[in-house]
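Remember, it's a predicted structure, so these values are computed and weren't measured experimentally. Within every chain, numbering begins at 1; the chains are lettered A, B, ... in the order of the sequence lines, protein sequences first and strands thereafter.
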Protein chains: 2
Amino acid sequence: MLAEERQLMILKTLAVDHVVKLKALVSMLNASESTVRRDLQELEGRHLLRRVHGGASLLRKLNDELDMETKTFKNVQKKKAVARLAATKIKDNDCVFLDAGTTTLEMIPFITAKNVTVVTNGPAHGDLLVRKKIICYLLGGQMKSTTKAVIGSLALQSINLFRFDTAFIGVNGIDPSMGYTTPDPEEAALKRRAHDLAQRTYIVSDSSKFSEISFCKIFDLGEAIIITDHLPDLDGFKVTDKTEIYVADQETVDR
Amino acid sequence: MLAEERQLMILKTLAVDHVVKLKALVSMLNASESTVRRDLQELEGRHLLRRVHGGASLLRKLNDELDMETKTFKNVQKKKAVARLAATKIKDNDCVFLDAGTTTLEMIPFITAKNVTVVTNGPAHGDLLVRKKIICYLLGGQMKSTTKAVIGSLALQSINLFRFDTAFIGVNGIDPSMGYTTPDPEEAALKRRAHDLAQRTYIVSDSSKFSEISFCKIFDLGEAIIITDHLPDLDGFKVTDKTEIYVADQETVDR
DNA sequence: AAAATCAATCAAAGGATTTCAAAATAATTC
DNA sequence: GAATTATTTTGAAATCCTTTGATTGATTTT
């Protein structure tokens, strides 16, 4: 059987069942485990499915709750470690900008500083913040369906009313030559503006973003301080300028 | 069974029953207690459910918001009936303003019109709307801790950028002489502005608000159309002017 | 205080990667 | 057009990593 036939059958099976076990594919296709694995690898590379432990699953699930990001338990732990360290950078009486996104969301439970004022473009963030009795301003604008972030011209306009001691920004790619990048131009514009309005900018990001490059540039590497869970691999990632990097210790995260 | 299948089943069970016992999941999934615990742990980490002693429960924003007020079964039914009727007033291609509040929140699942654009000052509303793939603009401003509504000068300023076919507004008091009233002056100002910017204004309110008077006046009775679950008692409530009132039929609400 | 539930730990099973040699296919040469 | 060589694809084995279920002792609930 040709490789193409196999892969087509895999996709058809997935279209029907939404998930499929590796063993099932092996017996269905009369191919060796290795071959099927390689097929899955290739299809994942083409973004046609998602590999999971023991098999593969459709990217878009009927239940779209699960598909937002492939987040293993480990990843969640990492994010929490980063979030916890980032939260300690907020000092009493600070005015901070909190970018929308999961890592910045995780920061909120760890905020201990008093009399803090937060501006955010993430409605979920606002929700958590007011529960913690933290003064919170939400930016206005269009809600993006995928990331649930507020973006657009209205957001850009309303953020101008503020000045920040510190801005915490999430990104999708960190690269020495391309700087910080993210897929959506509107989001990039807002992040950039937040950075311009802040005295200090922290990039909060798990280490998987190193050497990734996304569509839109936000600003250069040296313009912000990185908070991450792991030092970047120095082979593919050469920090020539004096970019500051804080590394979170995952072991000490309890909550 | 793959981990993902298990977790999806857990979420589906929760969606139906709202709570689920650990033991029930163990026997349903044919997995060990440890495994189910780990699944719950992970799903909680991703903010997809809340773990409680003995099992897990749904973390619906709706649930949280509702239990502030008395949410007896009757009251919920009443609100849903009002919300359902109100939602039918939204027509294809409308631009509507949705006030923050529980009744307007309940409207969202009942919206069937196509190509609707919604502006709201309730972050929770925005969340639900984008899930329904409805275009949604969130007003900027300070988040009020009690009602989770966005208010203040920034909100007043950013709402001016819009014009509405229809505005749906919640109130705390409805009285023939005092008109519509609400406790917070900032919220009142925003509701008034929304009304001014709209061609038609509906007041969505359960019947308990009749003859109640709250601190701040929003506008006069005749300026809007009331949607409620029950006609006001005519002794204490004399509708002298030609105020329009729609009364919802609670019997026919199923969902 | 007793019963139930939970968190932490650990060994075993199952799954994933890597590596290497054997087939199969394609390309080249005579 | 056959023989030979190069390239790609495949399968099997060794090693590494993840997931799982059982057990323990600590917490919580009644």
Exercise: do A:T102 and A:K79 side chains pair donor with acceptor under 3.5 Å: yes
Relative to A:F97, does A:K191 satisfy both conditions: NZ or CZ under 6.0 angstrom from the six-membered ring centre, and within 45 degrees of the ring's axis? no
OP1 or OP2 of D:dT20 under 4.0 Å from side-chain N/O of B:T35: no
Measure from CG on A:D39 to P on D:dT9 and round the result to the nearest Å. 11 Å
Expressed in angstrom and rounded to an integer, what is the separation of A:L2 atom CG from C:dA23 atom P? 20 Å
Where protein sits on nucleotides 9-19 of chain C, one letter per nucleotide: B base, S sugar-phosphate only, - none, heavy atoms under 4.0 Å: ------SBB--
Verify the distance criterion only: is there a donor paired with an acceptor across the side chains of A:S57 and B:E4 at less than 3.5 Å? yes
Can you check the A:L29 CG to D:dT9 C1' distance for me, whole Å? 15 Å
With no hydrogens and no angle check, just 3.5 Å: does a side-chain donor-acceptor pair link A:N93 and A:N115? yes
Inspect the contact between A:D165 and A:R200 and indicate whether a charged nitrogen and a carboxylate oxygen are less than 4.0 angstrom apart. no
Would you call B:E44-B:R37 a salt bridge at under 4.0 Å N-O? no
Starting at atom CD of B:Q7, determine the distance to atom P of D:dT19, rounded to an integer number of angstrom. 10 Å
Could you give the CZ-to-P distance, from A:R6 to C:dA24, as a whole number of Å? 14 Å
